[in-house]
Amino acid sequence: MHAFVIRICLTYTLFTVAFAAIPSYIKVCSRKDPEINKCVFNSIEQLRDKLTTGIPELSVPSIEPLTLKHVHLLRGPNGARLDINLTNLQVSGPSTFKLRDLKVDPNNVALTFKISFQKLDFRGKYQINAQILLLKLVGEGGLTGTFLGYDSDCFMKSHKVIRNNQTYVNFEKMKFNIKINKAHLNLDNLFNGDPVLGPASNEVLNANSDLLVDEIKPVLEDALSSLFTEIANKITEAFTYDELFPNN
Ligand SMILES: *[C@@H]1O[C@H](CO)[C@@H](O)[C@H](O)[C@H]1NC(C)=O
Ligand SMILES: *[C@@H]1O[C@H](CO)[C@@H](O)[C@H](O)[C@H]1NC(C)=O
């Protein structure tokens, strides 16, 4: 019985290893490549289409759109008091990322880079209870908006783990530091869709969009860094360090 179970395990392991060949859409980079920064940059570029749709066979989720299930912004009580819930926020545009200044340390598998997005559009539902300047806003409805000129510095650090006598890379949660140049948003149905008060309130909100952006930024940073870290780890879980960064 015991020997039988072990045999099955061994067969299973052999099978999994046999099937775990690196797929053609993952371009591997030699640890010794003097142009490794360029090589990894090209691998990521080459993965862009796959990331957009997701890679089911590696359980890599799609980055388009990015969904933020629930964001609760709470601030106050003085000056600008904000209580806003955003639900089912669909952010489109993550797949248009522009990568630059990528530096790779292949021995420690650490990466520093900058990611920018020209434009991230979002839509979802809002509930608001806020006092901004003299304006009191209470209500709920649909929300649409855009972040423009979005830029960030990123840092990814990893450690190596041994599994089945093989070395794998595991990334720690990516550090993300976002700058958002400009935000534009529109809350529909404010004051029950009043044609004068609604647009006027949106104007005040947009004139003070820094307030909202400051609040939403950490949530977006967290969501994007969780997503990108998860994607990187799904790939490095499936293949060994030697397979992804061969030593020749
Ligand atoms: C937002 O949701 C929280 C519970 O998650 C609730 O306590 C709060 O009142 C909500 N805010 C608004 C403006 O509806
Ligand atoms: C682990 O790998 C090393 C070198 O590749 C080998 O010498 C050793 O026997 C392996 N151990 C097991 C338990 O497979």
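For ligands, and for the atoms within them, numbers begin at 1 and follow the listed sequence.
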Are the ring centres of Phe147 and Phe122 closer than 6.0 Å?
yes
Taking heavy atoms and a distance under 4.0 Å, where does Ile84 meet ligand 1: side chain, backbone, both or neither?
neither
Under 4.0 Å, heavy-atom basis, I'd like to know which part of Glu140 is in contact with ligand 1: side chain, backbone, both or neither.
neither
Relative to each other, are the rings of His70 and His72 parallel, tilted or perpendicular (30° and 60° limits)?
parallel
Ligand-side contact atoms (ligand 1) for residue partner His70, heavy atom cut-off under 4.0 Å
5 (O)
Mark up the atoms of ligand 1 that fall under 4.0 Å of a heavy atom belonging to Asn129, in ascending order.
13 (C)
Is it true that a side-chain atom of Thr146 and a backbone atom of His184 form a donor plus acceptor pair closer than 3.5 Å?
no
Treating Ser62 as the side-chain partner and Glu64 as the backbone partner, does any N or O pair qualify as donor plus acceptor under 3.5 Å?
yes
Specify the protein heavy atom at minimum distance from [atom]: its residue, its atom name, and the distance to 0.1 Å.
atom	answer
atom 7 (O) of ligand 1	His72 CE1, 4.7 Å
atom 9 (O) of ligand 1	Asp83 OD2, 4.0 Å
atom 14 (O) of ligand 1	Gln127 OE1, 3.4 Å

How about Gln46: does its CD atom have over 12 heavy atoms from other parts shown lying under 6.0 Å from it?
yes
Flag yes if more than 12 heavy atoms outside Lys182 fall under 6.0 Å of its NZ atom; otherwise flag no.
no
Look up atom 4 (C) of ligand 1 and tell me if a protein heavy atom lies less than 4.0 Å from it?
no
Answer yes when Asp188 and Arg123 have at least one side-chain N-carboxylate O distance shorter than 4.0 Å, and no when they do not.
no
On a heavy-atom basis, I'd like to know which of Val71, Asn85, Leu74, Val138 is closest to atom 11 (N) of ligand 1.
Asn85
